[in-house]
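Structure first, then comments.
Chain A is the first sequence line, chain B the second, and so forth, proteins listed ahead of strands; every chain is numbered from 1.
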Amino acid sequence: CNKADLGPISLNWFEELSSEASL
Amino acid sequence: HSAEQTEIAEVPAWDSLNPGTLQLVSKLKNPSGSCSVDVSATWWEIAGFKEPCIVTACEYVVSLWKPLDAWQWEKIYSWHFTEVPVLQIVAVPDISNLVCVALGNLEIREIRALLCSPDGKSEKQVLLSSGNIKAVLGLAQRRLVSSSGTLCDQQVEITTFAEDGGSKEKQLLMPPEETILTFAEVQGMQEALLGTTIMNNIVIWNLKTGQLLKKIHIDDSYQASVCHKAYSEMGLLFVVLSHPCAKENELLGSPVFQLIVINPKTTLSMGVMLYCLPHGQAGRFLEGDVKDHFAAAVLTSGTIAIWDLLLGHCTALLPPVSGQNWSFVKWSGTDSHLLAGQKDGNIFVYRYT
């Protein structure tokens with residue numbers, strides 16, 4: 001499988017999604 | 001306390017093409033004759049020492065077995081249930097001297113903690129939750145998550161246990177608007193929790209805040225997938241699913257487990273690997289367990305199959321023993337053994353190498 005097909009990757013996805021959910 | 005007779009039987013024959021070997025090291029015999037439903041391994045303090053014990057569950061009795069010398073086992077406690085039968089044992093990591101069980105008929109109606117009195121002389125039961133419980137899982141750091149109700153009245157609750165096994169505190173997680181089928185921890189991320197839903201979505205929670213972070217739709221090729229294990233690596237989420245409803249594919253055979261990768265930021269996902277049965281083997285996933293990079297499943301054929309998730313193929317097959325199909329399988333949480341059970345109550349302990 002090709003990682004590029006999954007879109008931009010963030011190493012801090014959990015913290016970023018938690019911040020977005022707090023907004 | 002009565003000592004139960006145990007025995008060590010011969011090592012079964014293996015397919016020489018499979019690199020893994022299973023050696024039978026011990027057998028626990030259930031004298032009660034009632035239908036056996038589950039097995040687990042746990043730590044229990046006995047006379048000041050923490051011992052790696054085995055817990056067996058029949059329909060109306062849960063028993064704790066302590067190890068003796070030479071792979072013999074002695075039953076030391078039994079908890080009895082009169083009205084509602086036991087459906088499953090819920091292993092809670094990082095806790096000793098406590099076993100949780102789910103009780104019910106077709107669906108879970110109660111979750112109970114089983115303990116002993118401080119003097120160790122009598123068994124105790126504590127009701128943790130009751131209602132229309134859909135899914136339950138023991139989590140690291142002495143926690144247990146359960147979901148109850150459906151759709152608009154669905155409740156997702158975390159119970160944290162005190163060190164003495166009592167229920168310490170309860171916390172609610174934001175429910176998704178669809179029924180949760182299973183939960184899974186994310187290895188190495190103690191604040192993250194996954195759930196699979198009836199709509200073939202994977203949901204991600206933040207356990208600290210209770211927030212529902214994302215809902216990710218996965219491939220519709222396999223319905224009612226069960227999530228067994230997840231880990232995050234290089235910003236991607238890898239998830240091991242089993243597919244109880246998967247149909248046999250002429251090219252691939254029967255897919256039993258699958259590894260998928262998800263980008264939680266974009267919710268895009270793709271399949272990485274299908275773990276199929278070797279050619280000539282038939283059956284679908286009935287029940288199974290994943291620990292580290294090993295997956296074990298009881299198939300509808302009555303055989304147990306083991307996959308090395310890193311090698312990508314089936315490494316061992318355990319056909320029915322003594323003419324009895326296997327009905328459940330668990331990796332031991334206290335060592336690297338495989339616990340395999342039959343309906344008649346016999347539990348076989350295998351060393352997998």
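B:Glu233 pairs by the side-chain contact (heavy atoms from CB on, under 4.5 Å) definition with B:Tyr231, B:Phe238, not counting sequence neighbours. Listed by chain and number, the residues in a side-chain contact (heavy atoms from CB on, under 4.5 Å) with A:Ala21 are B:Gln211, B:Leu213 (sequence neighbours excluded). Judged as a side-chain contact (heavy atoms from CB on, under 4.5 Å), and not counting sequence neighbours, the contacts of A:Asn12 are A:Ser10, A:Glu15, A:Glu16.
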From CA spacing to verdict: side-chain contact (heavy atoms from CB on, under 4.5 Å), B:Lys265, A:Ile9
CA-CA 7 Å; B:Lys265 284 289 279 182; A:Ile9 292 165; over 6 Å; no
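Within residues 186-198 of chain B, the residues that have a heavy atom under 4.5 Å from a heavy atom of chain A are B:Met189, B:Glu191, B:Ala192, listed by number.
Atom OG of B:Ser269 is separated from atom CG of A:Asp5 by 11.5 Å, given to the nearest 0.5 angstrom. Rounding to the nearest 0.5 Å gives a distance of 12.0 Å between OG1 of B:Thr266 and CH2 of A:Trp13. Between the CZ atom in A:Phe14 and the NZ atom in B:Lys214 there is a gap of 13.0 Å [rounded to 0.5 Å].
Among all heavy-atom pairs drawn from A:Leu11 and B:Gly235, the shortest one is CD2-N, 3.5 Å.
The closest donor-acceptor contact from the side chain of B:Asn263 to the backbone of A:Leu6 lies under 3.5 Å.
Considering only heavy atoms from C-beta on, A:Leu17 comes within 4.5 Å of B:Pro264 through its side chain.
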